[in-house]
Visitor: 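The structure is given below, and queries will be raised subsequently.
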Amino acid sequence: MGAYLVRRFLLMVLTLFGMSVLIFVMLRLVPGNITDIIFDSAGFVNPAKKAAIERQLGLDQPIVTQYITWMAGLARGDLGYAFVSEKPALDEILPRIPVTAKLAVLALAFSVLFGVPLGVISAVRQNTGLDYVLRVVSLSGLSLPSFWLGLLILMACVHWFGWIPIYRSSPDNFWQEIALLSIPAAAVGFRSSALVMRLTRSSMLEVLRQDYIRTARAKGASEPSVNYDHALRNAVLPVVTVIGIEAAFLVGGLIVTETVFNIPGVARFLVEAIRWRDYPIVQNLVMFIAIIVVMVNFIVDMAYAALDPRIKYEE
Amino acid sequence: MLEVHNLQTYFYTRAGLVKAVDGVSFSLWSGETLAIVGESGCGKSVTALSLMRLLADPPGRIVGGAVRLDGRDLLGLNAAAMRQVRGKDVSMVFQEPMTSLNPVMTIGRQIGEALMLHGAGSREGVRDRTLEMLRLVGIPEPAQRVREYPHQLSGGMRQRAMIAIALACNPKVLIADEPTSALDVTIQAQILELMANLQRKLGTAMILITHDLGVVAETADRVIVMYAGRKVEEAAVDELFARPLHPYTRGLMRSIPRFAVMRNGVAPAGRLQEIPGMVPALSALPTGCAFAPRCAFASDICRRDYPRYEEKRAGHWSACWHSDRLVGAADG
C-alpha cells in the first residue's frame, strides 16, 4: 500500500507537470496579449510604450524563461502579480475560492442525493409509470444546458415570487448563504444528477439479476434491505467513478452558472482573466483546478478500494 | 410435513404461455431426503423456487396449487409472513457458489444476517452462532474466515458457507438446487457427505434437485423424476433403480457411464446410450405423452392421450401407458 501511494503520488506530480506545460503554451498560443488588448481599446498603438509595458510584465522574455520564472515562483509560493489589478495573484484568487467551493460541493451533493436514490427507485420499479417519468426527467437533465436552465429558474423566480435569489457577497449567516447558493447549485447539479441516476439505474438492474440477490431474498431479507444493503453496495461502484469524472466537468458548468447568477466566484473570474489575457491569474487558477481534479480522482480510487474488497492496491 | 399439491407455475413470455411446472404434487416427511431428477428445463428448479416463492413475477407466476408446511399454506401468506418462512423454516442452497454470495460483504456478515433476520438476539449470540456454523460445515479457521470476503474462498469453501447460511436457523426443510453441479468431482463428494451428515445431525428434511443420478443413489431416500414440467415417476430410491417404470427414467439410467463393468474385467458394455432427441419446448408440447417423440415404446395411444399417473406397484408411481412392458424388457 505504501509503495502504491508513493508511485501514485509521483504519477500525480508528473500529470501536474504536463498540465502546467500545456496550460502555459496554450495560453500563449491564443492570439494577442494584454498589451494588444489595451492598445486596441485605446484605438492607437504606440510601439515604444507597448514594448515598455511588455518588458515590465516580462512578456518580452523567451517563453522558456517565462515558464521557469513561473515555476520558480510557484515553488516559493509566489504566484506573481495580476496584470489587470496589479495586486498579488494569490490575493485575487484566494478570497474567491470558498464561494465556488461551496457551490461545487452543493452541486455534487445535489447530483448524488437525487441521482442515487432516484436511480435505485427507477430500477426497482422498472417499466412502471414512475420509472418512465424518472427516465424522461433524467433525459431532459442530460439535454438541457445548465445556463439555459439557470435562466429559466431565474425567470420562474421573478414570475412567481417577484424576486431573484441574488448572491450577496456578505450573507447574514452560513445557512442563508447555502440557501442562496442552492438554486444555482441545483442548476449545475441537475445534469450530473441525471447522469448519476441513469448509471445507478442500469447498474442496479444489472446487480438485481445476480445470484446473490436471490440468496439474500432466500434468507428472508426485506425488499429495502435487498435493494440498499445488498444491491446498491455493488451497484454504486461504477457510479463512484462517474462522480469523480463529473467533478471535473463541474468546472465548466460553474463558469456559466456563476455568470448567469452573478456569483463572484473563481469560475467567472477565470473567464474574465482569459478575456484580458491575464496570464498569472489564468495559469495559476487552471493549475489550481487541475490539482483539485487530480486529487478528486485519487480520492475516487481510494473510495473504490474501500467499497470493493476485491480491489487491493498492492505490488 | 411439507405437502405440495397440484403446483402450477406458468411463465408469461412473449413467445406465449410456458407451463414450467404443471400440476406437480409430492410430500416430504421430516428427516427425509427427496430427490427431484430431470434434464435441464424440466421444471425442477422452478419447482424449488416456487416453494420459496422466489420467482420473479413477471414473467413467472404460481397460478395454482398449494404448498403446505405443517398445515400452513405458504402460497397464501403475505409478503412479510413469507419472509419469516424463508431462511427460517425453509431455506435454500443454490447451484453457483461462485456467484451466490455477495462479493462486498464478509462471510461472517452474510451468515449473521440470516440469524439477525430471524431474531437470534444479541450481537454476541449471532457471532458465536456464526462461528459455530462455520465449524459445523467444516471451514477451517472460522475466526479468520468470518472476516474474509467470498473472493478469498475456493468454490467448495463458498458452497460450505452457503450451507452454513441455509442451516443457520435450523430450517425444517432445506432445498438444495444442484448444490454440487458447479464443483470439482472430489469436492462434490465432500459436500454431499457434509450435507448428509448435517441432515442426520439436525433432522432437516431435504429436497435435492439434481440431474445426476449418481448423486441421487448416494443421498436420496425417495426420487421424483420430472419431464417437461410434470412428474413422470416416483419411487423409493432402491425400487426406482431396480425397476424403472417409465422409459424416460430408464433412458436417464442408461446414459450414466458404468465403470463397474470394466472393473470386473468384463468388456465394456458397448456404446453409452443417450436419450434420442431433445427436451421439447414447453410452449409447444405435443398432445399426449410429452416424452412420446423420444420414446422407443411409444404407440398410438401415447401420441393421443396423456397417460394417467398411477401407482403401478406399492409406493411406485408412474405416468406411462407401457410400464408393464418396461418390466419385461431386458435392461441393456
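Chain letters run A, B, ... following the sequence lines, proteins first, then strands; residues in each count from 1. This one's a predicted model, so the numbers in the text were calculated from it and none came from an experiment.
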Visitor: Side chain, backbone, both or neither: which part of M162(B) has a heavy atom under 4.5 Å from chain A?
Guide: side chain

Visitor: So for atom CZ, which belongs to F249(A), do other residues, nucleotides or ligands contribute more than 12 heavy atoms lying within a distance under 6.0 Å?
Guide: no

Visitor: If you count heavy atoms of other groups shown closer than 6.0 angstrom to CZ of F17(A), is the number above 12?
Guide: no

Visitor: Rounded to the nearest 0.5 Å, what separates atom CG in N102(B) from atom CZ in R233(A)?
Guide: 7.5 Å

Visitor: Could you check whether R214(A) pairs with D177(B) (Lys NZ or Arg NE/NH1/NH2 to Asp/Glu carboxylate O, under 4.0 Å)?
Guide: no

Visitor: Please classify the contact between L49(B) and chain A as side chain, backbone, both or neither, with a heavy-atom cut-off of under 4.5 Å.
Guide: side chain

Visitor: Given side chain to side chain contact (heavy atoms under 4.5 Å, CB included), test H151(B) with D308(A) step by step and report yes or no.
Guide: CA-CA 11 Å; H151(B) 72 274; D308(A) 188 345; over 6 Å; no

Visitor: Sort Q110(B) into side chain, backbone, both or neither according to what part of it lies under 4.5 angstrom from a heavy atom of chain A.
Guide: both

Visitor: May I ask you to check whether over 12 heavy atoms, not counting those of F114(A), lie within 6.0 Å of atom CZ?
Guide: no

Visitor: How long is the gap from NZ on K219(A) to CD1 on I165(B), to the nearest 0.5 Å?
Guide: 4.5 Å

Visitor: Checking heavy atoms, do the side chain of S225(A), its backbone, both or neither come under 4.5 Å from chain B?
Guide: side chain

Visitor: Any chance CZ of F288(A) has more than 12 other-residue heavy atoms, nucleotides or ligands included, within less than 6.0 Å?
Guide: no

Visitor: Heavy atoms only, distances under 4.5 angstrom: which of G220(A), A221(A), A216(A) has the most pairs with chain B? Name it, please.
Guide: G220(A)

Visitor: Closest approach of P309(A) and P103(B), non-hydrogen atoms and distance?
Guide: CG-O, 3.3 Å

Visitor: Give, as side chain, backbone, both or neither, the part of I213(A) having an atom under 4.5 angstrom from any heavy atom of chain B.
Guide: neither

Visitor: Are more than 12 heavy atoms, taken from residues, nucleotides or ligands other than F9(A), located less than 6.0 Å from that residue's CZ atom?
Guide: no

Visitor: Chain A heavy atoms under 4.5 Å from L101(B): which part of the residue, side chain, backbone, both or neither?
Guide: backbone

Visitor: Quick check on R125(A): does its CZ atom have over 12 non-hydrogen neighbours (other residues, nucleotides or ligands) under 6.0 Å away?
Guide: no

Visitor: Tell me, with the steps shown, if E113(B) and H230(A) meet side chain to side chain donor-acceptor pair (under 3.5 Å).
Guide: CA-CA 11 Å; E113(B) 189 190 10; H230(A) 287 269; 2.7 Å; yes

Visitor: Taking all atoms of both residues into account, what is the closest heavy-atom pair of S100(B) and T215(A), and its distance?
Guide: O-OG1, 2.7 Å

